[in-house]
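To start, the structure itself, in structure tokens.
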Amino acid sequence: MTILAVDNYIHRLNQLTADLRLVFPGERVIGFTDPLLAAQYGFNNPVDLLFSEINMRGMDGLTLSKGIHKQNGHMRVIFTSDEDEHTQAIEDKIIAGCLTRPVTEKSIRILVKNNLHKGCNML
């Protein structure tokens, strides 16, 4: 499985990728601070799961996820945000959830577990 993590802020991206590697040991986790580079990667490579900040410079997470999803129809998306209101505004079938910062290994595990019970194929 290939997992993309995208956030403009390197310290948040580093923490997110570290947590993802703990939750998904042995899986390929690739981080980008530039959403345009993440989009380019996603257009040219298979992506199974995208963790993306919603509000970013260069391209917002919603636009990024829609673009990559066109090339990777099976991909699931989890957004990260500082704002709670995004968690209730998301109802797209490709979106598996939204995590409010601070994102931790525990919060990722809970979201993954809850989505597996709903029948989402995240692993």
Side-chain angles (χ1 to χ4, degrees):
M1 175 166 62
T2 299
I3 303 166
L4 290 189
V6 187
D7 195 312
N8 285 146
Y9 294 99
I10 190 70
H11 66 281
R12 293 192 317 207
L13 179 64
N14 288 341
Q15 184 61 56
L16 178 58
T17 56
D19 289 338
L20 289 170
R21 287 184 176 108
L22 291 172
V23 175
F24 300 100
E27 302 297 344
R28 186 173 186 189
V29 177
I30 303 168
F32 290 94
T33 55
D34 184 339
L36 297 173
L37 292 176
Q40 183 179 17
Y41 180 90
F43 294 155
N44 295 303
N45 297 281
V47 177
D48 301 296
L49 187 56
L50 170 66
F51 280 77
S52 177
E53 170 63 31
I54 294 175
N55 299 312
M56 294 184 287
R57 294 179 310 277
M59 180 186 300
D60 66 82
L62 293 169
T63 303
L64 174 65
S65 67
K66 288 178 183 177
I68 295 176
H69 187 260
K70 287 180 182 178
Q71 298 298 321
N72 295 277
H74 66 284
M75 181 187 76
R76 303 293 295 175
V77 179
I78 296 174
F79 288 115
T80 61
S81 176
D82 289 325
E83 303 169 27
D84 250 349
E85 71 255 15
H86 290 302
T87 60
Q88 296 174 7
I90 297 171
E91 295 184 10
D92 193 314
K93 65 182 178 182
I94 69 165
I95 298 170
C98 186
L99 296 170
T100 303
R101 214 170 315 285
V103 177
T104 64
E105 175 190 355
K106 181 179 177 182
S107 65
I108 295 169
R109 286 186 188 280
I110 290 169
L111 183 66
V112 169
K113 181 179 177 184
N114 288 342
N115 276 284
L116 287 174
H117 290 311
K118 292 179 186 175
C120 296
N121 183 15
M122 294 181 68
L123 295 175

Taking the side chain as every heavy atom from C-beta outward, state whether [X] and [Y] have any atom pair closer than 4.5 Å.
| X | Y | answer |
| --- | --- | --- |
| H11 | N14 | no |
| I78 | L111 | yes |
| L64 | V6 | yes |
| L16 | I108 | yes |

With a 6.0 Å cut-off (strictly less than), is the heavy-atom count around CD of E27, excluding the residue itself, greater than 12?
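Check passes, neighbour count above 12.
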Taking atom CZ as the centre, does R28 end up with more than 12 heavy-atom neighbours from other residues, nucleotides or ligands that are less than 6.0 angstrom away?
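Open.
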Heavy-atom closest contact ([X] atom, [Y] atom, distance):
| X | Y | value |
| --- | --- | --- |
| A5 | L20 | CB-CD1, 3.9 Å |
| V47 | H74 | O-NE2, 3.3 Å |
| L49 | V77 | CD1-N, 4.5 Å |
| L36 | G58 | CD2-O, 4.1 Å |
| G61 | S52 | CA-OG, 3.5 Å |
| M59 | P35 | O-CG, 3.6 Å |

Nearest 0.5 angstrom please: [X] [atom1] to [Y] [atom2], how far?
| X | Y | atom1 | atom2 | result |
| --- | --- | --- | --- | --- |
| F51 | R76 | CZ | CZ | 11.5 Å |
| Q15 | T17 | CD | OG1 | 8.0 Å |
| I54 | D7 | CD1 | CG | 11.0 Å |
| L62 | F79 | CG | CZ | 4.5 Å |
| E53 | T33 | CD | OG1 | 13.0 Å |
| Y9 | M56 | OH | CE | 11.5 Å |

Trace of the side chain to side chain contact (heavy atoms under 4.5 Å, CB included) decision for L4 with I68:
CA-CA 10 Å; L4 290 189; I68 295 176; 4.1 Å; yes
Can you check whether M75's main-chain N or O pairs, donor with acceptor, with D48's side chain at less than 3.5 Å?
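No: the side chain of D48 does not pair with the backbone of M75.
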Quick check: does any side chain N or O of S107 sit under 3.5 Å from a backbone N or O of V103, one acting as donor and the other as acceptor?
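No: the side chain of S107 does not pair with the backbone of V103.
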Does the plane of the ring in Y41 sit parallel, tilted or perpendicular to the ring in F32? Use 30° and 60° as the thresholds.
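The arrangement is tilted - the two ring planes meet at 30° to 60°.
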Before giving the answer on side chain to side chain contact (heavy atoms under 4.5 Å, CB included), spell out for Q40 and L37 the whole-Å C-alpha distance, their side-chain angles and the decisive distance to 0.1 Å.
CA-CA 5 Å; Q40 183 179 17; L37 292 176; 3.8 Å; yes
